[in-house]
Amino acid sequence: HRFYMPELANSEHTVTAGYELTHETFANNLLFDSYGRTANSFIGEYRGKFDNQFFLTAALRHDINDTFEDFTSYSLSGAWQVPDTGTRLHASVGTGSANPSFFDLYYDADPGFTPNPNLKPERTLGWDLGVEQKVFNGQLTLDATLFGQEVEDLIKLSGKDVYNIPGISTRNGLELTGTLDFLNGFVASASYTYTDARDPSGAIESRKPAHVGVINLAYTFEELPLTVHTSASFVGESYDKKFVEVSSDNWASTTVTLPAFTDLSLGLNYKVNENVEVYGRVTNILDTPNQSVYGYNSAGRAFYVGAKASF
């Protein structure tokens with residue numbers, strides 16, 4: 001429902017309510033086991049705009065679960081578009097919940113993995129605070145955002161076992177972004193994220209690189225319905241555990257470093273008409289070996305060709 005209140009800072013308000021039913025099933029065909037779970041969710045959201053410069057969003061969600069404890073989450077965000085400056089201040093805070101996967105709970109067909117039916121959902125509290133600045137008549141947009149997250153009962157896979165880490169794990173960092181529109185069909189953007197991820201003991205969280213950067217370039221031809229785009233992503237080194245079976249059901253672990261890597265991609269999109277678009281893309285052009293999890297290589301160079309249609 002949307003309504004206007006000109007007498008209150010020329011404001012515009014939108015209120016939304018919703019209901020969501022989620023039913024999930026899992027079947028282990030090897031052992032003829034099957035599981036299911038259902039959640040009923042009630043959602044409410046408010047959006048407000050005041051004097052075309054203050055923006056406020058508030059949301060509330062209540063999940064009724066038949067497997068886990070019921071949970072109520074919220075989110076609150078606000079922004080101020082400072083008049084005649086090109087500056088926008090923004091902030092948000094919110095909570096969330098992530099249920100364990102069926103695999104982590106019940107999959108017992110692999111001798112190298114032990115499921116844990118006693119896993120609890122992860123609970124999170126997150127926030128961010130940032131400033132955006134437009135310069136050169138809006139052609140260049142810069143943004144710097146501080147963020148933080150607390151995760152309670154983080155789910156961790158370690159060797160054969162999966163379990164909740166008691167206590168609060170933290171993830172704090174800084175994100176810098178920039179977008180440059182040359183107004184001639186050429187757009188460039190870049191982002192850099194620094195993340196300090198720690199478990200409750202203060203140790204660095206595994207598989208969480210501290211440094212990640214992305215550069216994107218795109219050019220749309222003026223007289224052709226063709227866009228060419230390329231991207232380069234850099235992922236800094238991270239840490240993981242290497243497990244070695246010493247004897248039956250006895251494993252030893254050591255910390256290993258996952259090397260940093262760069263991934264280059266190139267693609268194009270051609271609009272045949274208003275409804276049909278064809279595209280092609282090459283990823284990991286340099287065929288760079290990389291791992292986000294120790295012992296599991298990511299895909300090498302790959303080619304994709306396809307078409308999209310809308311009616």
Side-chain angles (χ1 to χ4, degrees), residues 1-16 43-61 73-96 124-150 170-197 208-222 227-236 269:
H1 176 65
R2 179 178 298 175
F3 59 95
Y4 301 88
M5 299 181 67
E7 70 281 4
L8 179 61
N10 194 30
S11 58
E12 176 183 329
H13 310 266
T14 304
V15 178
T16 304
I43 308 160
E45 183 185 69
Y46 164 80
R47 292 179 180 269
K49 181 170 66 173
F50 304 84
D51 280 335
N52 205 34
Q53 58 177 299
F54 297 102
F55 303 86
L56 178 66
T57 301
L60 195 66
R61 178 188 179 104
S73 58
Y74 69 87
S75 64
L76 181 65
S77 64
W80 178 30
Q81 185 72 54
V82 184
D84 305 318
T85 65
T87 303
R88 185 176 71 93
L89 307 177
H90 56 87
S92 71
V93 63
T95 58
T124 59
L125 169 65
W127 61 269
D128 66 72
L129 178 66
V131 57
E132 176 189 276
Q133 182 67 53
K134 292 183 180 293
V135 294
F136 304 132
N137 295 320
Q139 287 182 250
L140 176 62
T141 302
L142 302 172
D143 190 285
T145 300
L146 292 169
F147 64 86
Q149 185 183 55
E150 296 182 350
T170 60
R171 298 166 184 172
N172 300 300
L174 170 68
E175 183 177 53
L176 303 174
T177 64
T179 302
L180 181 58
D181 188 346
F182 290 90
L183 302 180
N184 61 357
F186 180 52
V187 177
S189 65
S191 67
Y192 165 76
T193 304
Y194 169 75
T195 306
D196 180 27
K208 295 293 182 184
H211 306 280
V212 176
V214 180
I215 297 175
N216 296 296
L217 303 174
Y219 181 74
T220 301
F221 290 83
E222 185 176 355
T227 298
V228 180
H229 51 87
T230 185
S231 68
S233 61
F234 169 80
V235 179
N269 294 64

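Quick note: numbers below take in every heavy atom, side chains included, and nothing from hydrogens, waters or symmetry partners.
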Has Ser11 got a side-chain atom pairing as donor or acceptor with Met5's backbone, closer than 3.5 angstrom?
yes
Nearest 0.5 Å, what's the OG1-CD distance between Thr87 and Glu132?
9.0 Å
Go through the steps to decide whether Tyr74 and Arg61 satisfy the test side-chain contact (heavy atoms from CB on, under 4.5 Å), and finish with yes or no.
CA-CA 6 Å; Tyr74 69 87; Arg61 178 188 179 104; over 6 Å; no
Do the non-hydrogen side-chain atoms of Thr57 and Glu45 ever get within less than 4.5 Å of each other?
yes
Heavy atoms, side chains only, cut-off 4.5 Å: are Leu56 and Leu76 in contact?
yes
Report yes if some heavy atom in the side chain of Leu146 is under 4.5 Å from a heavy atom in the side chain of Asn172; otherwise report no.
no
Is it true that the side chains of Ser92 and Asp128 contain a donor and an acceptor less than 3.5 Å apart?
yes
Mind checking whether Phe186 and Phe182 have ring centres under 6.0 Å apart?
yes
So that I know where these two stand, are Phe221 and Tyr219 an aromatic pair - ring centroids less than 6.0 Å apart?
yes
Mind checking the OG1-CZ spacing from Thr195 to Phe147? Nearest 0.5 Å is all I need.
3.5 Å
Could you grab the distance from atom OG1 of Thr141 to atom CZ of Phe136, nearest 0.5 Å is fine?
11.5 Å
For Arg47, does the CZ atom sit with more than 12 other heavy atoms under 6.0 Å from it, leaving out its own atoms?
no
Taking atom CD1 of Ile215 as the centre, report whether more than 12 heavy atoms of other residues, nucleotides or ligands fall under 6.0 Å from it.
no
Please confirm whether the backbone N or O of Thr170 pairs with a side-chain atom of Glu150, one donor and one acceptor, at under 3.5 Å?
no
Would one find more than 12 heavy atoms of other residues, nucleotides or ligands at under 6.0 Å from atom CD of Glu7?
yes
Result of checking Gln133, Lys134, His90 against Asp143 for side-chain hydrogen bond (donor to acceptor under 3.5 Å, both in side chains)
His90
Exercise: identify the closest heavy-atom pair between Leu142 and Gly178:
CD2-CA, 4.1 Å
If you measure from OG1 on Thr193 to CG on Leu176, what distance do you get to the nearest 0.5 Å?
8.0 Å
How long is the gap from CD on Gln81 to CD on Gln53, to the nearest 0.5 Å?
8.5 Å
Residues, nucleotides or ligands: over 12 heavy atoms within 6.0 Å of Asn137 CG
no
So, does Thr95 use its side chain to make a donor-acceptor pair with the main chain of Ser73 at under 3.5 Å?
no
Given the side-chain rings of His13 and Phe50, with only the six-membered ring counted for Trp, is the space between their centroids under 6.0 Å?
yes
